[in-house]
Amino acid sequence: MRHGDEGRRGRRCRPERRGWLRRRRGGWLRRGRGRGRGEGIGGGGRGRRRAGRCRDGRSYCNNRHRRRLRAAGSQREADEKQGEGDVGFHIRHYTAVSLPLMDAMPPLSLFLVYSRETSTTETTMTTLIPIERIAAHVGERVTVRGWLQDSTPKGKLLFMRLRDGTGMTQAVAYRPELGDELFEQLKRLGQESSLIVSGTVKANDRAPGVPRGYEIAVEAAEVLQDAQDYPITPKDHGVEFLMDNRHLWLRSSRQWAIMRVRATVKRAIIDFLDGRGFVNIDTPIITPSAAEGTSTLFEVAYFEEKAYLAQTGQLYNEANIMALNKVYCFGPTFRAEKSKTRRHLAEFWMVEPEIAFCDLEELMRLEEEFVSAIVGRTLAERANELELLERDVTPLQNVVAPFPRISYDEAVQRVLAIREATDDPELRDELAIEWGDDFGSPHETELTKQFDRPVFVYGYPTQVKAFYMEPWPGRPEVCKSVDLLAPEGYGEIIGGSERMSDPDVLLAAIRRHELPEANYQWYIDLRRFGSVPHSGFGLGLERTVAWICGLEHIRMTSPFPRTLNRLTP
RNA sequence: UCCUCAGUAGCUCAAUGGCAGAGCGUGCGGCUGUUAACCGCAAUGUUGUUGGUUCGAGUCCAACCUGAGGAGCCA
């Protein structure tokens, strides 16, 4: 549960952190519980840590013991060749037999269990199950294949926390039933050893797990590998250490939960759009020039030419909708900006729907239904994971369409009002803004605190937005753009707009931005042959997942995040 | 690119310019329905690098390296 939690460090709250927390109050960070003195990240003081604990399966394996185990293993092999076995129970033969049972039923597996002590052979039927379905098997004999997350020996008892990728459960071994040798072997297994365990499922309120409240009374076990010296202990670790071990850190329960939420968010996105008749279409990743003309892009060698990794598929999707009406692309996107914040990755996933015959108002309706559906489905399907992440779900339960809509003009007024009301000179300084400026993250954070659900800000100044946005009728200094700002300080999760539909207006904008006109001829063509009002938006997957999970940093939402200073593992 | 901070044992962190330490982890032993168990004993260091100040530098100074947070930019 707490393996390698980032931020669960016993470090005193340093001044710069306190300062940052003060500025950021109500913003990112803040995971409700388990933060020591309640100061958020890094706030857990040494005083809270209890001294002298010791646990986890690593503790019992020295080299001598490893040699002993190896010797036992080779002895066993020798015995088997001679038709003899060990004392105690061993799984000798394991066959998973898939039977065409009811849908989603796991396959039956057949175990041959030998007992050398009694010289009898038992044939035991057990069911191979994923741990996430353990509740449906109380009282049955089951088999679980997984990894030892943690174990605690208690005399004749051994509590093993077993994870199999679908969940985590407690397996309880009892020495008199297992026999000394197998019991000792299990007791001395290192953290992350791989093994197969069979036994009877029991409901027990004391049993931890995901789902909690169930345990397996171990009757047989086979060790696939006794792992030693797993580097990520169930203790405090720093970010750098954990990121260096990201390939292993992913096994920790928080990371596991985040990846499951991420998969559900992705699924919800795809299902929502497919259900609305959108056509999923792929846009190029290698592009000839910057689509929006602003961001710093990764340059790649494309035969004899320079090319760039795509920052958006939107322009291509504007071509696609003229063929397919409603489309979306969903894939990786790349930004080479040297951003070092908890909201930025160099590589992230973005879903970009684009809709023909759609104006700004219709776009906002689509976006709010979209986001509500994503949050609603995650709440329904990933309650265990959100609980494990200690995510307070009440703010998420408010995420139901319609969302409030405020104009940029009003947003500026609101920010200025907040600025007037604050006593904090630092905040006052950060909130300085004039009409025509884009919002920075302090502005967004303070603004979203006024609402209990995501909020639309529409009608930004033309000068701070991309060149292709439709001018506001009668107000050329404003464009038909809309950002969706997530609550709790998570910032912009969607940027969208109605696109220019007039070829002359578009050409003028391209020239005003001094973009290479020739590269945009095809884009202007789209307005020359059957132009229609159309709109679209992009939603950042990682920011959305970070918000839903209540994470302090976006890097935790990606299995192998690419950040300014990290390309490995 | 700019601002702030950090780098000491495997990990997380202490150490007025004066013998480099603790907890966890690791090893050995004890105990036992545990939930980051507990009790006892033991081993563990090129203090990021280079140079400087000083009788003496983990500590002060300079440069560099690495990392973190923030700004800008953005999803």
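Order of the sequence lines fixes the chain letters, A, B, ..., with proteins taken first and strands second; residue numbering starts at 1 for each chain. All figures in this text were calculated on a predicted structure; none of them were measured in a lab.
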* In whole Å, what separates the C1' atom of A43(B) from that of C28(B)? -> 11 Å

* Using the C1' atom as the reference point in each nucleotide, state the distance between G72(B) and U66(B) in Å, no decimals. => 23 Å

Rounded to whole Å, how long is the line connecting atom [atom1] of [X] with atom [atom2] of [N]?
X       : N      : atom1 : atom2 : answer
M243(A) : G67(B) : CE    : P     : 12 Å
R188(A) : G27(B) : CZ    : C1'   : 12 Å
R343(A) : A75(B) : CZ    : C1'   : 11 Å

* Asked: Hey, what's the ring geometry for F439(A) with Y460(A), parallel, tilted or perpendicular (30° and 60° as the breaks)?
  -> perpendicular

Describe the nucleic acid contact of [X] in one word from base, sugar-phosphate, nothing, applying a heavy-atom distance below 4.0 Å.
X       : answer
K156(A) : nothing
L345(A) : base
L157(A) : base
N204(A) : base
Q170(A) : base

* Using centres under 5.5 Å plus planes under 30 degrees as the test, is F159(A) stacked with G33(B)? -> no

* Mapping H443(A) and E215(A) to their closest nucleotides on RNA chain B, which lands nearer the 5' end? -> E215(A)

* Below 3.5 Å, does any donor atom in the side chain of H344(A) face an acceptor in the base of C74(B), or the other way round? -> yes

* To do: Quick one: stems involving RNA chain B, counted as three or more successive Watson-Crick or G-U pairs, both distances short of 3.5 Å.
  => B:1-7 with B:65-71, B:10-13 with B:21-24, B:26-30 with B:38-42, B:48-52 with B:60-64

